[in-house]
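Everything on this sheet refers to the single structure shown next.
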Amino acid sequence: MFSRLVFGLGLLSATALVHPALAADAARTLQIFVSKDKQSLAVYDGTEVVATSKVSTGKDGHTTPSGIFSVLEKQKYHESNLYSAAPMPFMQRLTWSGIALHESNSVPRYPASHGCVRMPGAFAKMLYGMTDPGVPVIISDGELVPQPIDHPTLFHPDAPAAMPLLSDVELRPSMPDSPEKPVQVAMNDTAAMPMPAAQPIAAPEPEPPSEPISMLITRRTLRETVIDIQTLLNQLGFSAGNPDGLLGPSTVQAIKAFKTLRPAEFAADKSLVSDTLLREVYAAAGKGEPPNGVIMLRQAFKPIFEAPVTITDPGLALGTHFFTLHAVDERAGTADWLGITLENNLSRETMKRLGITNQESSIITGKPIARSLSRITIPDETRRKIDALIAPGSTLTISDTGLGRETGEGTDFITITRG
């Protein structure tokens, strides 16, 4: 977190700074947007720009990838592991494969780097002091601006219910200590003193917000299918091993044992894992139709849990959308979400692999965010669990393409839209 700061005129020469003083807890709700077309960077707090700068992104042959990133690591002085120990002061790492924001003496405002985002020295130092690990960084060809998004699919805290003060409790006399003593009952003269209306008990003060979480909603892959099969086979009494998404010996043996008990269903199914297997396992466990989507959660770069979701019209692309939770009102049960849509044209091979026949939603026209959110159904139990976890700075990515090669240990969900 950064303190309230007032930056000097020397620093302002490197950047257009709209708000030189920011709240001490604002670091968790900042977003950084890099436009490769304009070779510019803008820092947003909500919908307000708080700082801007020129940049230089990757030149031909070393293009800076477009997509959704976050600050993974910060070092005041760093030397490149890839390019002859080139100095990278005030480095903020975006991928473990070598993409970062950093200071440079050469920022000509055209693509000139080997893939990183170069910034002028004064601005790089200022930005380093503003951010925390986990701050989102969105890199795109065109300029993007976060917009307020209100949709029932997005998460919000449960408003605490007011508790009535014994409004309809029946009063009864107590038993006397001995039969000789008269029973004493407290009474009100209702004619002289009307009964006051019951007053609700004030809700307790909400606890301070927890660490932000990051979420990804995407299509299920073989990994999520195998995790479901392992989990349900274990519940059915088959020893499928730890639900890790890997087809190890225990899982393979459990699948074969399950199929042996149902020869008719699998007579024409020769593959080890198939849609038929998933449907039969779900039916045997009494779970209904298997889902075709998944929501995954991470906190402080570590997985928390994941759960199935349903995506309607699976032949239509969801597109790539990113949301940040700017503010939460625990008492009112409201949440202020901001959203953007990134252009992400899928290759024919990717569409075939994902079962997509139409990628209209991945084109930035009309209301793609609302259309995609409306196609996602999240089970109530999962929603309640996530509602209790959200905090300012929490993020949600919607993508067709899964975890992606850059998402791994020590990262949030990284989505590459253009390599």
Side-chain angles (χ1 to χ4, degrees), residues 31-34 36 57-58 62-73 92-101 115-117 133-141 144 212-227 244-246 292-309 311 314 317-324 339-356 359 361-362 364 368 372 376 394-419:
Q31 297 186 79
I32 300 170
F33 289 85
V34 176
K36 292 193 288 186
T57 59
H62 300 277
T63 304
T64 303
S66 298
I68 301 163
F69 308 86
S70 62
V71 174
L72 305 179
E73 177 189 46
Q92 303 194 57
R93 182 183 297 278
L94 305 184
T95 72
W96 292 113
S97 63
I99 305 300
L101 310 171
C116 288
V117 178
V135 166
V137 180
I138 296 88
I139 302 176
S140 59
D141 292 340
L144 295 176
I213 59 174
S214 60
M215 298 170 278
L216 171 66
I217 294 178
T218 189
R219 296 168 183 269
R220 288 165 60 92
T221 65
L222 177 62
R223 170 188 170 274
E224 288 79 50
T225 296
V226 172
I227 287 176
D244 55 8
L246 302 176
N292 56 6
V294 62
I295 182 168
M296 307 177 189
L297 275 74
R298 292 190 172 197
Q299 190 173 50
F301 303 145
K302 296 180 180 179
I304 305 176
F305 75 90
E306 55 189 68
V309 301
I311 301 169
L318 284 169
T320 302
H321 315 284
F322 182 71
F323 308 86
T324 299
I340 58 168
T341 292
L342 289 83
E343 187 170 2
N344 186 20
N345 293 313
L346 306 175
S347 67
R348 289 184 179 181
E349 293 77 11
T350 300
M351 290 175 63
K352 182 178 180 180
R353 175 172 58 85
L354 299 175
I356 295 173
Q359 63 167 326
S361 286
S362 67
I364 308 175
S372 291
I376 296 168
S394 295
T395 63
L396 168 65
T397 300
I398 296 176
S399 171
D400 288 295
T401 53
L403 286 174
R405 65 183 183 275
E406 292 287 358
T407 299
E409 186 175 352
T411 75
D412 278 330
F413 297 109
I414 299 175
T415 300
I416 304 294
T417 57
R418 187 186 297 274

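Given the structure is predicted, the values throughout are model-derived calculations rather than measurements.
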Can [X] and [Y] be counted as having a side-chain donor-acceptor contact under 3.5 angstrom?
X	Y	answer
Lys36	Thr64	no
Thr417	Asn344	no
Ser399	Thr397	no
Ser140	Glu343	no

Between [X] and [Y], what is the shortest heavy-atom contact and its length?
X	Y	answer
Phe301	Val71	CZ-O, 3.4 Å
Leu72	Gly410	CD2-O, 3.8 Å
Cys116	Ala100	CB-O, 3.2 Å
Leu246	Asp244	N-OD1, 3.0 Å
Thr95	Arg93	O-CG, 3.1 Å
Ala317	Arg219	CA-NH2, 3.8 Å

- Under 4.0 Å between a Lys/Arg side-chain N and an Asp/Glu carboxylate O for Asp412 and Arg298?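 Salt bridge flag = no for Arg298 with Asp412.
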Does the side chain of [X] reach to within under 4.5 Å of the side chain of [Y], using non-hydrogen atoms?
X	Y	value
Thr350	Thr401	yes
Ile304	Ile213	yes
Arg220	Pro308	yes
Arg418	Pro65	no
Ile414	Ile416	yes
Leu144	Leu342	yes

- Message: Suppose we screen for side-chain hydrogen bond (donor to acceptor under 3.5 Å, both in side chains). Which residues come up paired with Arg405, at least two apart in sequence or across chains?
- Response: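 Applying side-chain hydrogen bond (donor to acceptor under 3.5 Å, both in side chains) to Arg405 gives none.
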- Task: Please identify each residue that fulfils side-chain hydrogen bond (donor to acceptor under 3.5 Å, both in side chains) with Thr324, with sequence neighbours left out.
- Result: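 Residues passing side-chain hydrogen bond (donor to acceptor under 3.5 Å, both in side chains) with Thr324: Gln31.
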- Val309 and Ile217: CA distance, side-chain angles, deciding distance, side-chain contact (heavy atoms from CB on, under 4.5 Å) verdict: CA-CA 8 Å; Val309 301; Ile217 294 178; 4.2 Å; yes
Taking atom [atom1] of [X] and atom [atom2] of [Y], what is their separation to the nearest 0.5 Å?
X	Y	atom1	atom2	answer
Leu403	Thr221	CG	OG1	7.0 Å
Leu354	Asp400	CG	CG	6.5 Å
Ser214	Gln299	OG	CD	9.0 Å
Phe33	Ile138	CZ	CD1	4.0 Å
Phe413	Leu297	CZ	CG	6.5 Å
Glu224	Asn292	CD	CG	11.5 Å

Does [X] use its side chain to pair, donor to acceptor, with the backbone of [Y] at less than 3.5 Å?
X	Y	result
Trp96	Thr411	no
Thr218	Gly402	yes
Thr63	Gly58	no

- Query: Does the pair Phe323 and Thr395 meet the rule for a side-chain contact (heavy atoms from CB on, under 4.5 Å), with working shown?
  - Reply: CA-CA 6 Å; Phe323 308 86; Thr395 63; over 6 Å; no
- Task: Before giving the answer on side-chain contact (heavy atoms from CB on, under 4.5 Å), spell out for Ile356 and Leu346 the whole-Å C-alpha distance, their side-chain angles and the decisive distance to 0.1 Å.
- Result: CA-CA 9 Å; Ile356 295 173; Leu346 306 175; 3.7 Å; yes
- Check Ile32, Val34, Leu101 against Leu94 for a side chain to side chain contact (heavy atoms under 4.5 Å, CB included) and give me the one that passes.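 Only match with Leu94 under side chain to side chain contact (heavy atoms under 4.5 Å, CB included): Leu101.
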- Item | With Glu306 via salt bridge (charged side-chain N to carboxylate O under 4.0 Å, His left out) - residues at least two apart |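 Applying salt bridge (charged side-chain N to carboxylate O under 4.0 Å, His left out) to Glu306 gives Arg223.
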